[in-house]
Enquirer: 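This is the structure I want to talk about, given as structure tokens.
The chains referred to below are lettered A, B, ... by the order of the sequence lines, with proteins before strands, and numbering in each begins at 1. Quantities reported herein were computed from a predicted structural model and do not represent experimental measurements.
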Amino acid sequence: GAVVSQHPSWVICKSGTSVKIECRSLDFQATTMFWYRQFPKQSLMLMATSNEGSKATYEQGVEKDKFLINHASLTLSTLTVTSAHPEDSSFYICSASQGEHYEQYFGPGTRLTVT
Amino acid sequence: AQKVTQAQTEISVVEKEDVTLDCVYETRDTTYYLFWYKQPPSGELVFLIRRNSFDEQNEISGRYSWNFQKSTSSFNFTITASQVVDSAVYFCALSEGGYSTLTFGKGTMLLVSP
């Protein structure tokens with residue numbers, strides 16, 4: 001149980017375009033979802049926390065207009081990187097939880113390369 | 001504020017050696033959870049263990065063991081008789097007050113050579 005999927009697993013896009021990453025909880029209802037970014041040889045940095053049906057809460061320094069997060073259902077959250085630039089190239093990982101007091105289950109990650 | 005320190009950036013060992021990965025944490029809460037995750041080259045995080053602040057018993061799972069000491073705010077991870085497949089980045093993480101938000105350490109890259 002507690003499986004989280006991400007799609008796509010990797011994506012290459014051109015500078016200036018937008019790309020959407022999906023995060024799905026396959027066998028449980030995820031009230032809360034988290035989005036992390038990981039640069040090479042660095043740790044996971046939390047970007048934002050989203051609760052189903054509410055606006056996401058972004059961490060300091062994360063541009064909300066650039067990283068659009070939608071958590072419209074209990075099994076799906078999306079992260080859209082708008083007007084992507086090469087510096088947005090990174091490994092994006094989502095996690096899902098049944099709520100604030102529950103454990104996070106991680107997706108396999110999405111590798112984004114912006115050329 | 002919560003903080004997790006993994007002072008070892010990279011460790012190299014030869015197969016069959018034992019290796020300990022250190023983790024020191026800071027928190028003001030009396031209720032918290034500590035985690036260890038493994039991240040192989042594929043990138044997917046693999047959950048290894050979760051320990052709550054009220055359970056200081058050490059844990060052993062096969063070749064893996066964990067030593068939790070509240071007195072020194074440490075939660076160290078030992079791999080016995082390391083194998084090449086153990087090569088990965090290992091992250092220690094902390095969750096305060098029963099909430100699911102995680103703070104990760106910077107990770108320790110373990111390289112096990114044959």
Side-chain angles (χ1 to χ4, degrees), chain A residues 1-11 21 23 25 28-52 56-60 77 89-113, chain B residues 1-12 21-26 29-55 87-111:
Chain A
V3 178
V4 177
S5 70
Q6 277 185 247
H7 178 81
S9 53
W10 59 271
V11 58
I21 302 169
C23 176
S25 56
F28 67 100
Q29 294 190 324
T31 306
T32 306
M33 285 187 167
F34 303 82
W35 287 95
Y36 296 85
R37 180 167 53 182
Q38 185 181 30
F39 291 110
K41 301 198 174 188
Q42 293 190 25
S43 187
L44 284 75
M45 296 302 296
L46 180 65
M47 298 174 67
T49 304
S50 71
N51 290 302
E52 186 263 338
T57 301
Y58 290 81
E59 295 298 303
Q60 197 170 5
S77 176
S89 297
S90 187
F91 191 54
Y92 292 88
I93 305 173
C94 77
S95 68
S97 167
Q98 290 174 282
E100 276 192 358
H101 301 273
Y102 291 84
E103 188 167 341
Q104 292 183 39
Y105 299 97
F106 286 86
T110 296
R111 198 164 300 279
L112 169 65
T113 302
Chain B
Q2 55 190 29
K3 185 179 176 183
V4 176
T5 302
Q6 293 180 257
Q8 303 150 309
T9 307
E10 193 171 318
I11 300 176
S12 291
L21 282 62
D22 298 332
C23 174
V24 174
Y25 63 92
E26 293 177 32
D29 278 3
T30 55
T31 301
Y32 52 90
Y33 290 90
L34 294 163
F35 300 80
W36 276 95
Y37 292 91
K38 174 183 180 179
Q39 188 177 42
S42 63
E44 183 164 1
L45 278 178
V46 177
F47 167 82
L48 296 177
I49 191 171
R50 163 178 147 151
R51 170 69 72 211
N52 75 57
S53 54
F54 299 108
D55 183 2
S87 296
V89 180
Y90 291 85
F91 290 99
C92 181
L94 168 69
S95 169
E96 274 183 335
Y99 292 96
S100 56
T101 300
L102 287 168
T103 296
F104 285 87
K106 293 190 173 180
T108 297
M109 178 179 286
L110 175 64
L111 181 60

Enquirer: How close do A:Gln38 and B:Phe91 get, heavy atom to heavy atom, and via which atoms?
Expert: NE2-CZ, 3.5 Å
Enquirer: Any heavy-atom pair between the side chains of B:Gln39 and A:Ile93 that's under 4.5 Å?
Expert: yes
Enquirer: To the nearest 0.5 angstrom, please state how far the CZ atom of B:Phe47 sits from the OH atom of A:Tyr105.
Expert: 8.0 Å
Enquirer: A side-chain contact here means heavy atoms from C-beta on lying under 4.5 Å apart; do B:Tyr33 and A:Glu103 qualify?
Expert: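 In short, these two side chains do not touch, never coming nearer than 4.5 Å.
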Enquirer: If you round to the nearest 0.5 Å, how far is CD of A:Gln6 from CD of B:Glu44?
Expert: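 B:Glu44 CD to A:Gln6 CD: 9.0 Å, rounded to 0.5 Å.
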Enquirer: Quick one, B:Thr101 and A:Phe34 - any side-chain contact, counting heavy atoms below 4.5 Å?
Expert: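 In contact.
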Enquirer: Decide yes or no for B:Leu102 and A:Leu44: does some side-chain heavy atom of the first lie under 4.5 Å from some side-chain heavy atom of the second?
Expert: no
Enquirer: Closest heavy-atom contact between B:Gly105 and A:Ser43?
Expert: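 Looking at all heavy atoms of both residues, the closest pair is O-OG, 2.6 Å.
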Enquirer: Checking heavy atoms, do the side chain of A:Gln104, its backbone, both or neither come under 4.5 Å from chain B?
Expert: both
Enquirer: Looking at B:Gln6, B:Met109, B:Lys106, which makes the most heavy-atom pairs under 4.5 Å with chain A?
Expert: B:Lys106
